[in-house]
Amino acid sequence: MIDFKPKHIVFLTGAGISAESGIKTFRDSNGLWENHDILEVASPSGFDRNPELVHRFYNLRRTQLLSDEVHPNEAHKALAKLQKEYSGKVTIITQNVDNLHEEAGSEDVIHMHGELIKMRCKESGKVLTKKGDIQPDDKCPCCLKVGNLRPNIVWFGEYPMHMDRIEKELNSCDLFISIGTSGQVYPAAMFVNLVKLNGTYTIEANIEETNVSDNFDDHLVGPATQVVSKLVEDILSIK
Ligand code: BJW
């Protein structure tokens, strides 16, 4: 396990960390993609073809996220605790578009695939917070045109957000921990390979083996609420 005191820890989180908060993952059986053609709801061409379907998909997910049923779980809370109490630097990069890390108290979370509670003007690129539904015929508050509002989400074929910052964080960490991601979506799936070029120690936490498990030095197998809480206590106890 970890036999050194890390100066800078980078966490990469995926849908698995929010699964126990009641948010469906993407690729699991009964997951979000099961009843959807991925490219119809998560690509720019899908949005151009059928904005109503895409808005409906994200409106439903935003409503669920903001409902009383969904709360941060022990894994989100443990990471927030580590960020507050650890003497070294702790960075959270998430592929998730939910706001559960922030709700748990984490700060400066890097949302590489965007955020459900934000929308964007297609013309100016300006990002606005939006907690209610977006309809295809809504007027954009920025350019005042109808149809120019889109979810502030990174779809397939689009460039993920904050990549310059992410590259810097990956290059400066000495411990990289991936939690609850299947390793099927790039570029996030190759972060483990990038950090290993610098000799960074790597840990994967997941309920099962993934396509990229072999790339990690160590594995924590089990639900995120259990393994992440224990991992954080272990890190906080390193002298
Ligand atoms: C638990 C648990 C519990 C469950 N505890 N664990 C061919 C080859 C290589 C690449 C490509 C290719 N063709 C196209 C590409 C590129 C493409 C890509 O990767 N496609 C793949 C499908 C092959 N990528 C892109 O287009 C990206 N852009 C890009 O590459 O730009 C060029 C570029 C290159 C190099 C550098 C920089 C840029 C953009 C990707 C955008 C992804 N967007 C989505 C949807 C939007 C968000 C939304 O609607 O919510 O983001 S896709 C979806 O997948 C979502 C997620 O963030 C992402 C990752 O999913 P995640 O989090 O891993 O979830 P799951 O469901 O897959 O896995 C859950 C895991 O949790 C499982 O392992 C479970 O076991 C585990 N789990 N319960 C712990 N309780």
Side-chain angles (χ1 to χ4, degrees), residues 11-47 53-62 64-65 72-76 78-79 92-101 109-120 150-167 170 177-194 203-213 216 219-231:
F11 288 91
L12 171 69
T13 65
I17 197 169
S18 297
E20 292 163 87
S21 291
I23 298 186
K24 283 185 175 182
T25 58
F26 294 90
R27 292 166 186 81
D28 293 343
S29 58
N30 204 22
L32 271 171
W33 294 148
E34 200 165 72
N35 296 318
H36 293 97
D37 175 341
I38 302 182
L39 294 179
E40 290 307 314
V41 291
S43 75
S45 54
F47 185 58
L53 171 76
V54 176
H55 279 310
R56 201 180 330 129
F57 177 68
Y58 286 99
N59 285 343
L60 279 171
R61 290 176 56 198
R62 193 179 306 108
Q64 189 211 11
L65 174 64
N73 63 47
E74 293 309 312
H76 300 106
L79 294 191
I92 300 174
I93 303 169
T94 189
Q95 298 170 84
N96 297 344
V97 297
D98 65 51
N99 60 353
L100 296 180
H101 284 300
V109 178
I110 305 174
H111 281 272
M112 65 179 291
H113 289 163
E115 290 171 85
L116 261 182
I117 57 165
K118 293 191 178 158
M119 60 181 173
R120 190 164 85 231
R150 59 162 282 177
N152 193 36
I153 301 281
V154 179
W155 288 324
F156 285 108
E158 297 186 311
Y159 204 75
M161 296 171 185
H162 315 295
M163 284 308 292
D164 289 348
R165 162 116 193 257
I166 288 173
E167 197 182 330
L170 293 174
I177 302 172
S178 159
I179 303 170
T181 173
S182 60
Q184 293 190 43
V185 175
Y186 292 83
M190 67 179 190
F191 289 172
V192 59
N193 308 77
L194 295 179
I203 301 175
E204 179 183 62
N206 201 301
I207 42 167
E208 61 186 24
E209 202 174 307
T210 69
N211 286 356
V212 293
S213 289
F216 288 83
H219 302 92
L220 301 171
V221 181
T225 49
Q226 290 173 25
V227 298
V228 177
S229 305
K230 162 91 172 58
L231 172 70

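Just so you know, ligand 1 is whichever comes first in the structure, and atom 1 is the first atom listed for that ligand. Along the sequence shown, residues are numbered consecutively beginning with 1.
Atoms of ligand 1 found under 4.0 Å from any heavy atom of Asp28, numbered from 1 in the order shown, are 4 (C), 74 (C). Counting the atoms of ligand 1 from 1 in the order shown, those under 4.0 Å from a heavy atom of Gln184 are 21 (C), 22 (C), 23 (C). Listed by atom number, the atoms of ligand 1 under 4.0 Å from Glu208 heavy atoms are 75 (O). Of all atoms in ligand 1, numbered sequentially from 1 with element shown, those under 4.0 Å from a heavy atom of Ile153 are 46 (C), 47 (C). Close approach of ligand 1 to Pro223 is summarised as follows: ligand atoms under 4.0 Å from at least one heavy atom of the residue are 5 (N). Interface of Gly157 with ligand 1, defined as ligand atoms under 4.0 Å from a residue heavy atom, comprises 25 (C), 26 (O). Near Val185, with a cut-off below 4.0 Å to any heavy atom, the atoms of ligand 1 are 19 (O), 40 (C), 42 (C), 54 (O), 58 (C), 59 (C). Residue Pro187 approaches ligand 1 through these ligand atoms, each under 4.0 Å from one of its heavy atoms: 30 (O), 36 (C), 37 (C).
Side-chain atoms of Arg62 and Asn59 include a donor-acceptor pair closer than 3.5 Å. Under 3.5 Å, the side chains of Ser18 and Asp98 contain a donor-acceptor pair of N or O atoms. Side chains of His219 and Ser213: a donor-acceptor N/O pair is absent below 3.5 angstrom, by distance only. Defined by atom type and a distance below 3.5 Å, a donor-acceptor pair is missing between the side-chain atoms of Thr13 and Gln95. Using a 3.5 Å distance cut-off with no hydrogens or angles, the side chains of Ser178 and Glu204 do not pair a donor with an acceptor.
Checking Arg27, Glu115, His113 against atom 53 (C) of ligand 1, the nearest heavy atom belongs to Arg27. When Val154, Asn211, Asn206 are ranked by how near their heavy atoms come to atom 76 (C) of ligand 1, first place goes to Asn206. Looking at Ser182, Gly180, Ala19 and measuring to atom 65 (P) of ligand 1, the nearest heavy atom belongs to Ser182. For atom 63 (O) of ligand 1, the nearest non-hydrogen atom from the set Leu12, Thr181, Val41 belongs to Thr181. Considering each of Phe26, Trp155, Trp33, the one bringing a non-hydrogen atom nearest atom 55 (C) of ligand 1 is Phe26.
Of all heavy-atom pairs between Val227 and Ala205, the closest is CG2-CB, 4.0 Å.
Summary of contacts: the protein heavy atom closest to atom 59 (C) of ligand 1 is Gln95 OE1, 3.3 Å. Among protein heavy atoms, the minimum distance from atom 4 (C) of ligand 1 is reached at Ile207 CD1, 3.6 Å. Given atom 62 (O) of ligand 1, the protein heavy atom at minimum distance is Ala15 N, 2.8 Å. In terms of protein heavy-atom proximity, atom 20 (N) of ligand 1 is closest to Phe156 CE2, 3.8 Å. Scanning the protein for heavy atoms near atom 25 (C) of ligand 1, the closest one is Tyr186 O, 3.6 Å. For atom 32 (C) of ligand 1, the nearest protein heavy atom (residue, atom name, distance) is Tyr159 CD1, 4.2 Å. The shortest contact between atom 39 (C) of ligand 1 and any protein heavy atom is with Glu158 O, 3.5 Å. The protein heavy-atom contact nearest to atom 2 (C) of ligand 1 is Gly16 O, 3.5 Å.
For atom 74 (C) of ligand 1, the nearest protein heavy atom is under 4.0 Å away. Less than 4.0 angstrom separates atom 23 (C) of ligand 1 from at least one non-hydrogen atom of the protein. Atom 13 (N) of ligand 1 is never approached by the protein to below 4.0 angstrom, counting heavy atoms only. In this structure, atom 48 (C) of ligand 1 has a protein heavy-atom contact shorter than 4.0 Å. Distances from atom 7 (C) of ligand 1 to the protein include no heavy-atom value under 4.0 Å.
Taking 4.5 Å as the limit, some side-chain heavy atom of Leu79 sits within range of a side-chain heavy atom of Phe11. With a 4.5 Å cut-off on side-chain heavy atoms, His101 and Ile17 count as touching. Looking only at side-chain heavy atoms (C-beta outward), Met119 and Asn152 stay at 4.5 Å or farther from each other. With contacts defined as side-chain heavy-atom distances shorter than 4.5 Å, the pair Val228/Glu74 does not qualify. Residues Asn99 and Leu116 are not in side-chain contact: their nearest non-hydrogen atoms beyond the backbone lie 4.5 Å or more apart. Counting only heavy atoms from C-beta outward, the side chains of Met163 and Pro187 approach each other to under 4.5 Å. Counting heavy atoms from C-beta outward, His113 and Ile153 have side chains that stay 4.5 Å or more apart.
The shortest N/O to N/O separation between Ala224 and ligand 1 falls below 3.5 Å. Inclusion of Thr210 in the set of residues having an N or O under 3.5 Å from an N or O of ligand 1 is not warranted. At least one N/O-N/O distance between Tyr58 and ligand 1 falls below 3.5 Å. Below 3.5 Å of separation, one finds no N or O of Gly183 facing any N or O of ligand 1.
In terms of modelled atom types and a separation under 3.5 Å, the side chain of Ser21 and the main chain of Ile23 share no donor-acceptor contact. Between the side chain of Glu167 and the backbone N or O of Asp164, no donor-acceptor pair lies under 3.5 Å. Asn206 places no side-chain N or O within 3.5 Å of a backbone atom of Leu220 that could act as its donor or acceptor partner.
Only the side chain of Val97 comes within 4.0 Å of ligand 1, judged by heavy-atom distances. Counting heavy atoms under 4.0 Å from ligand 1, residue Pro160 touches it through the side chain alone. Proximity of Glu20 to ligand 1, defined as any heavy-atom pair under 4.0 Å, is confined to the side chain (atoms from C-beta onward).
Heavy-atom neighbours of Glu209 CD from other residues, nucleotides or ligands within 6.0 Å: at or below the threshold of 12.
Ring geometry, Phe57 versus Trp33: the interplanar angle falls under 30°, so the pair is classed parallel (tilted spans 30 to 60°). Between Phe47 and His55, the two ring planes are perpendicular [angle over 60°; tilted spans 30° to 60°].
Salt bridge present: Glu158 and Arg150 bring a charged side-chain N and a carboxylate O closer than 4.0 Å.
Residue contacts with ligand 1 do not include Met112, since none of its heavy atoms lies under 4.0 Å from the ligand. The shell of residues lying under 4.0 angstrom from ligand 1, judged by heavy atoms, excludes Gly31.
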